[in-house]
Amino acid sequence: MADIGIKQLAKILGISTASVSRALNNPERVSDAMRKRVQDAAKQTGYRPNKMGASLRTAKTKNIIVIIPDISDTFNSGVIRSIERTASDRGYSVLFGDTQGIRESEIGYGDMVRTRQADGIICFSHNLPFSDADLDSDNFKMPPIVNSCEQLQSLQLAGRSIPLVTIDNVAAGREIAKHLLDLGHREIAVITGDIDSPSTQQRLLGYKLALKEAGLEFNPALVFEGEYTLEAGSSTTLEILSEPQRPSAILCMCDETALGCLYTLKENNISVPSDISVVGFDDIKFARYFSPALTTVAQPVDDIGRQCVEILLDVIDGKSVAQKTVILPHKLVIRDSTQAI
């Protein structure tokens, strides 16, 4: 069947165009039965929304931008899927800005919202996607923006409060470190992510708290700065192995780093966990299928993506956001890569 418009769809269903619009664009405002009826009919008839017309009527583009340092990161991809699914259910399209951490690229995507090419931003970076000159200007108006997982460092500079959806990284870092300490490990090396990242700093703080609670001194020589990549996990593990004192455990702040670590340990004939225990962070899809299966911290990727979109759309609609920081629960997942010594 040829594509049809909203009026034709409403006529086929025998309901008003307003009811069709609510079911497609604000599904939370109609019953489950009505939403399903309209959405099923839209699929069957080939209905396509007229986004240009909607934009002219509402001054909204029905687009949101996701600014992300690395779209290939396995953890990020899980949150992205949830963002895209939730946005689509609410009648929005998602534009992805894979910045590779380039500041000019972040600012460019921020400008797209300021020039009304999109309605709002979900930001995975710890930098606000606006220039220092903009942030310092009294005339600067912050576009709708929500931070996912990573606290924005420039919030205090900007003097503004921006919604954040994350987990308690301090508690999670403490819990994964305590797991190793409870198994008897005392020399625990850490492979961090970007040391300037607030989430890295918070997880490292959790590690330090666990050591303090166990009556142990923090040894900065056991902390190795890396990146959230397989390659960094591998190369940093080689660095750790070159040290005079080999640790009994390695705490990686990301699962991809941990998988790179496991690979390199195996290549060097070091058995996990009998020689060295290894833990990760995120519980990506591959963590359970690697050999040995990885002990890690699970993050609720579906909930993170869904809540980011729902909060952002509330901000876009001018609604008051009661909870500026949403802390979602994490979970320690114990598998085969750790054992007692």
Side-chain angles (χ1 to χ4, degrees), residues 1-68 71 76-97 112-113 116-124 143-146 148-149 163 165 285 298-323 326 328-329:
M1 181 181 291
D3 291 356
I4 66 170
I6 192 169
K7 291 182 180 179
Q8 291 167 292
L9 183 60
K11 186 175 181 180
I12 291 169
L13 289 168
I15 60 178
S16 68
T17 56
S19 295
V20 173
S21 178
R22 278 194 297 273
L24 294 174
N25 299 317
N26 302 101
E28 74 283 357
R29 296 176 58 191
V30 302
S31 67
D32 290 344
M34 174 63 79
R35 180 174 65 252
K36 185 176 187 308
R37 183 185 172 206
V38 173
Q39 290 177 347
D40 287 349
K43 290 177 183 177
Q44 292 168 6
T45 58
Y47 166 75
R48 294 290 183 273
N50 181 348
K51 288 200 170 184
M52 181 66 74
S55 176
L56 291 172
R57 290 190 301 273
T58 65
K60 292 178 183 176
T61 66
K62 305 296 282 187
N63 295 325
I64 60 174
I65 294 176
V66 176
I67 299 177
I68 191 162
I71 203 168
N76 288 342
S77 66
V79 181
I80 286 169
R81 280 193 296 272
S82 177
I83 287 173
E84 196 159 33
R85 182 170 58 248
T86 307
S88 178
D89 288 344
R90 295 284 298 271
Y92 274 76
S93 297
V94 182
L95 310 176
F96 294 106
M112 289 181 66
V113 178
R116 307 202 60 78
Q117 298 175 66
D119 300 328
I121 299 168
I122 296 174
C123 188
F124 283 69
I145 183 169
V146 172
S148 174
C149 306
V165 181
K285 180 172 59 177
Q299 296 200 64
V301 292
D302 283 343
D303 284 344
I304 291 172
R306 178 180 56 79
Q307 294 219 31
C308 281
V309 174
E310 290 178 350
I311 292 170
L312 179 62
L313 297 189
D314 280 347
V315 175
I316 289 170
D317 289 340
K319 298 178 182 177
S320 175
V321 178
Q323 193 173 0
V326 177
L328 296 173

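The figures here come from the full heavy-atom set of this structure, side chains too, leaving out hydrogens, waters and symmetry mates.
- Closest approach of R90 and K62 over heavy atoms only: O-NZ, 4.0 Å.
- Considering only heavy atoms from C-beta on, R37 comes within 4.5 Å of I15 through its side chain.
- V113 and G120 get closest at one heavy-atom pair: CG2-O, 3.9 Å.
- A heavy-atom distance below 4.5 Å is found between the side chains of I316 and I64.
- Listed here is the closest heavy atom pair of E84 and F96: OE2-CE1, 3.8 Å.
- Looking only at side-chain heavy atoms (C-beta outward), V165 and S148 stay at 4.5 Å or farther from each other.
- To the nearest 0.5 Å, atom OG1 of residue T86 and atom CG of residue L313 are 9.0 Å apart.
- Counting heavy atoms from C-beta on, the side chains of R85 and R306 never come closer than 4.5 Å.
- Under the side-chain hydrogen bond (donor to acceptor under 3.5 Å, both in side chains) criterion, D314 pairs with no residue, sequence neighbours left out.
- Nearest heavy-atom pair, N63 versus Y92, reported as atom, atom and distance to 0.1 Å: N-CD2, 3.7 Å.
- Counting all heavy atoms, side chain and backbone alike, P144 lies closest to D119 at CG-O, 3.4 Å.
- By the 4.5 Å heavy-atom criterion applied to side chains, Q117 and L95 are not counted as neighbours.
- Between I122 and C308, the shortest heavy-atom distance links the atoms CD1-CB, 3.9 Å.
- In this structure, the side chains of C149 and I304 come closer than 4.5 Å at one or more pairs of heavy atoms.
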